[in-house]
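One structure is given below, encoded as structure tokens.
On a predicted model such as this, the values are computed, not experimentally measured, just so you know. Reckoned from all heavy atoms, side chains included, excluding hydrogens, waters and symmetry mates.
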Amino acid sequence: MIVYIDMDGVLCDFSGAFQRALTHTPQIQFPQSQYGFYTALEPVQGAIEAVKALIDSTRYTPYILTAPSVRNPLCYTEKRVWVERYFGLDFAEKLIICSNKGLLKGDYLIDDKSKGRGQEGFTGELIQFGQAPFKDWQEVRKYLRF
């Protein structure tokens, strides 16, 4: 089964980094537009272990499916660098950057948002990360049994 995993808010703590940047540099309205923003994102608790378990699984074929930031054209490279840092070069080939997630076919999409980037058009099952019953990676792992 194909599992797509969003990056911002699911694998990476985008909102925490965004809020910290606004606090430190309030004059920059869009912190994600700054060079290095995406490569510096911290992993969400349990995310790295969960994705590594999916990679090792014989039941699932995981991909990272993330939307680009139009405010930072370097995000394409920075997201790719982040994936290699945490999952290795081989898994970087499983990175998909697409502004409309509904274009892809798969069994599951793990995303913190239910709409806005095509999630509402995804034909598989949307697992809305951070919302009950999928508040964290432990709950997602329990549901998907990996």
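Note that OH of Y4 is 8.5 Å distant from CG of D107, once rounded to the nearest 0.5 Å. With values rounded to the nearest 0.5 angstrom, L109 atom CG is found 10.0 Å from Q128 atom CD. The CZ atom of R117 lies 11.0 Å from the CG atom of L65; values are rounded to the nearest 0.5 Å. Summarising the geometry, atom CZ belonging to F18 is positioned 7.5 Å from atom CZ belonging to F30; distances are rounded to the nearest 0.5 Å. Expressed to the nearest 0.5 Å, how far CG of L54 lies from CE of M1 amounts to 10.5 Å. Rounded to the nearest 0.5 angstrom, N72 CG and Y35 OH are separated by 10.0 Å.
At least one side-chain heavy atom of I127 sits less than 4.5 Å from a side-chain heavy atom of V140. By the 4.5 Å heavy-atom criterion applied to side chains, I2 and Y60 are not counted as neighbours. Counting only heavy atoms from C-beta outward, the side chains of I110 and D6 never approach each other to under 4.5 Å. Looking at heavy atoms from C-beta onward, F87 lies in side-chain contact with V51 at the 4.5 angstrom threshold. Between V44 and C12 there is no side-chain heavy-atom pair separated by less than 4.5 Å. Within the 4.5 Å cutoff, the side chain of D13 has no heavy atoms near those of the D8 side chain. I5 places none of its side-chain heavy atoms less than 4.5 Å from the side chain of Y108. Two residues are said to be in side-chain contact when any heavy atoms from C-beta on lie closer than 4.5 Å; L22 and Q29 fail this criterion.
When all heavy atoms of S69 and Y38 are compared, the pair lying nearest together is CB-OH, 3.1 Å. Minimum heavy-atom separation, P31 to A21: CB-CB, 3.4 Å. The shortest non-hydrogen separation linking Q45 to W137 is O-CD1, 3.7 Å. Nearest heavy atom pair, residue A67 against residue S99, reads CB-CA, 4.4 Å. The two atoms that bring G118 and N100 nearest to each other are CA-OD1, 3.3 Å, heavy atoms only. When every heavy atom of A53 is checked against every heavy atom of F146, the shortest pair comes out as CB-CD1, 3.7 Å.
A cation-pi arrangement is absent between K101 and F122 under the rule of less than 6.0 angstrom and at most 45 degrees off the ring axis.
Criterion: ILVMFWY side-chain heavy atoms under 4.5 Å apart, direct or through other members. Under it, V81 and I96 are not part of a common hydrophobic cluster. Both I48 and L95 are assigned to one and the same hydrophobic cluster, defined by single-linkage of ILVMFWY side chains at heavy-atom distances under 4.5 Å. The same ILVMFWY cluster, assembled from side-chain heavy atoms under 4.5 Å apart, contains both F14 and Y76.
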task: Any chance you could lay out the side chain to side chain contact (heavy atoms under 4.5 Å, CB included) test for K94 and I55, step after step, and finish with the verdict?
output: CA-CA 10 Å; K94 300 268 186 138; I55 291 168; over 6 Å; no

query: side chain to side chain contact (heavy atoms under 4.5 Å, CB included) between Y63 and F91: does it pass, once the steps are laid out?
result: CA-CA 8 Å; Y63 291 86; F91 198 67; 5.9 Å; no

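For the side chain to side chain contact (heavy atoms under 4.5 Å, CB included) with M7, the lone residue among T66, D112, I97, D111 that qualifies is T66.
Side-chain atoms of E78 come within 3.5 Å of backbone N or O of G36 as a donor-acceptor pair. Side-chain N or O atoms of S57 include one that pairs as donor or acceptor with a backbone N or O of R59 at under 3.5 Å. Between the side chain of R141 and the backbone N or O of G46, no donor-acceptor pair lies under 3.5 Å.
Ring geometry, W82 versus Y86: the interplanar angle falls from 30° to 60°, so the pair is classed tilted.
Y143 and E125 share a side-chain donor-acceptor pair at under 3.5 Å.
With a 6.0 Å radius and a threshold of 12 heavy atoms from other residues, nucleotides or ligands, E120 has its CD atom above the threshold.
Looking at K142 and E139, a side-chain N of the basic residue comes within less than 4.0 Å of a carboxylate O on the acidic one, giving a salt bridge.
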